[in-house]
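Heavy-atom basis, side chains included; hydrogens, waters and symmetry copies ignored.
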Amino acid sequence: MTDAATRPVGDVDAFRRTLVAAAYRMLGTLADAEDAVQEAYVRWLRLSASERDAIANPGGWLMRATGRICLDVLGSARVRHETYVGEWLPEPVPVGASGDPVDVVVGAEGVSTALLVILETLTPAERVAFVLHEVFAVPFAEIAEVLGRSAAACRQLAASARRHVGRRAGADVPRGRHDELIAAFAAATASGSLDALVRVLAPDVVLVSDGGGIVSAARRPVRGADHVARFLLGLAAKQPTATYEPAVTGDGLGCAIRVDGVIAAAVTFATDGDRITDVWMMRNPEKLRAWV
């Protein structure tokens, strides 16, 4: 029998990457995800050697523990978001980054800001059930242990979440078309032409900017093509030395804004195939560490 005392350093540490990926989808930020996973490992270490040896599937145990921790965090997160300065956005991460845990979090195709924003509208129980079952194929019997509900109730939660996500997801735009629209957006922004920028924005486009009270950002969503275009061009005028670099994200092509080589913002987008419908601008430096 494997010595249980060696498992946290050896066998079970191999699960950390998957656990961080799951926690990020449930919580929306790298820092919260890493903290949740670390707490799950602390709980594993608190088990006696005989208790750990009795667990046939340590990875499943750790996933359930992570799920329970995330459920608690999500309950308190709603209170924290209410006191957050300005708008709160999930943390965007660039696809293809080689650092740990970013490469873990984004996976092969990435995690879109669009999906994370939708997940924020779910109840904590719905979000945990959806992520565990739909993304990581955790059986409902095990999710029941996480949520303290019956397997049937967890199945209903996941189904409700799936319907909600489907209704809010919008058009399934081919990645190539999305990227064409963002390239047109970048060209219009660089030209400084208000008319050109308005033409690539949907009439009811919404821009949300998250500064976390640390840096300046729009305190409320900016709505409408003309208002969003003027906001973006005004921002560019205030930062004449800023560079706008294309960046691949879970949403498709995005943009990294750097001032004197230092990351100042990460911008992700949603489109309907014809125009840009959503602009998410992350300016909070605490949520930009993956972009440094």
Side-chain angles (χ1 to χ4, degrees), residues 4 7-8 11-82 88 90 104-105 107 109 111-112 114-170:
R7 275 183 171 176
D11 296 348
V12 299
D13 199 52
F15 302 120
R16 187 180 297 272
R17 300 167 73 85
T18 300
L19 296 172
V20 171
Y24 171 70
R25 287 160 173 81
M26 285 186 273
L27 301 179
T29 73
L30 286 171
D32 284 344
E34 292 172 318
D35 287 346
V37 171
Q38 185 60 33
E39 174 59 24
Y41 275 97
V42 168
R43 294 184 183 185
W44 171 265
L45 287 167
R46 286 174 180 165
L47 297 175
S48 67
S50 59
E51 287 173 326
R52 292 198 294 271
D53 263 342
I55 296 172
N57 181 3
W61 188 97
L62 285 163
M63 181 65 82
R64 292 192 296 275
T66 299
R68 283 190 288 270
I69 293 163
C70 288
L71 183 66
D72 291 340
V73 173
L74 285 169
S76 62
R78 292 182 181 273
V79 176
R80 287 190 286 120
H81 292 179
E82 289 174 359
W88 189 95
V104 182
V105 168
E109 75 290 343
V111 182
S112 71
L115 175 60
L116 292 175
V117 167
I118 294 172
L119 293 181
E120 281 294 315
T121 66
L122 302 177
T123 67
E126 284 176 331
R127 185 166 185 173
V128 171
F130 178 86
V131 171
L132 290 182
H133 183 71
E134 299 296 323
V135 182
F136 294 92
V138 176
F140 286 116
E142 295 184 22
I143 296 174
E145 296 181 37
V146 174
L147 300 182
R149 307 188 187 195
S150 68
C154 293
R155 186 184 300 275
Q156 291 177 343
L157 283 170
S160 173
R162 187 167 56 250
R163 288 193 298 271
H164 186 79
V165 170
R167 286 195 300 268
R168 297 285 298 274

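The aromatic rings of Phe140 and His133 lie parallel to each other, their planes meeting at an angle below 30°, with 60° marking the opposite boundary.
Going from atom CD of Glu120 over to atom CH2 of Trp88 covers 4.0 Å, rounded to the nearest 0.5 Å. Once rounded to the nearest 0.5 Å, the distance linking CG of Leu119 with NE2 of His164 reads 9.0 Å. From Glu39, atom CD reaches atom SG of Cys70 across 11.0 Å, with rounding to the nearest 0.5 Å. Atoms CG and CZ, from Asp72 and Arg68 in turn, are 9.5 Å apart once rounded to the nearest 0.5 Å.
For the pair Glu134/Arg162, a side-chain contact is recorded, criterion being any heavy-atom separation below 4.5 Å from C-beta on. Looking only at side-chain heavy atoms (C-beta outward), Val12 and Trp61 stay at 4.5 Å or farther from each other. Residues Leu116 and Tyr24 form a side-chain contact, since some pair of their non-hydrogen atoms from C-beta on lies under 4.5 Å apart. Using a 4.5 Å heavy-atom cutoff, the side chains of Arg25 and Phe136 are in contact. Between Asp35 and Leu27 the shortest side-chain heavy-atom distance does not fall below 4.5 Å. Side-chain contact between Arg16 and Glu34 is absent, with no heavy atoms from C-beta onward closer than 4.5 Å.
Counting only distance, with no hydrogens or angles, the side chain of Arg52 and the backbone of Leu45 share a donor-acceptor pair below 3.5 Å. No side-chain donor-acceptor contact under 3.5 Å links Glu142 to the backbone of Pro139. Looking at Ser160, its side chain never comes within 3.5 Å of a backbone N or O of Leu157 through a donor-acceptor pair. Listed for the Arg127 side chain is a donor-acceptor partner under 3.5 Å among the backbone atoms of Met26.
Annotation: Arg43, atom CZ; neighbour count of heavy atoms from other residues, nucleotides and ligands within 6.0 Å is above 12.
Across Leu132, Leu19, Leu71, a single residue satisfies side chain to side chain contact (heavy atoms under 4.5 Å, CB included) together with Thr66, and that is Leu19.
Of all the heavy atoms in Leu62 and Ala40, the pair that sits closest is CD2-O, 3.8 Å. The two atoms that bring Cys154 and Leu147 nearest to each other are SG-CD1, 3.8 Å, heavy atoms only. Closest approach of Val146 to Gly67, counting heavy atoms only: CG1-C, 3.5 Å. Among all heavy-atom pairs drawn from Gly59 and Phe15, the shortest one is N-CE1, 3.4 Å.
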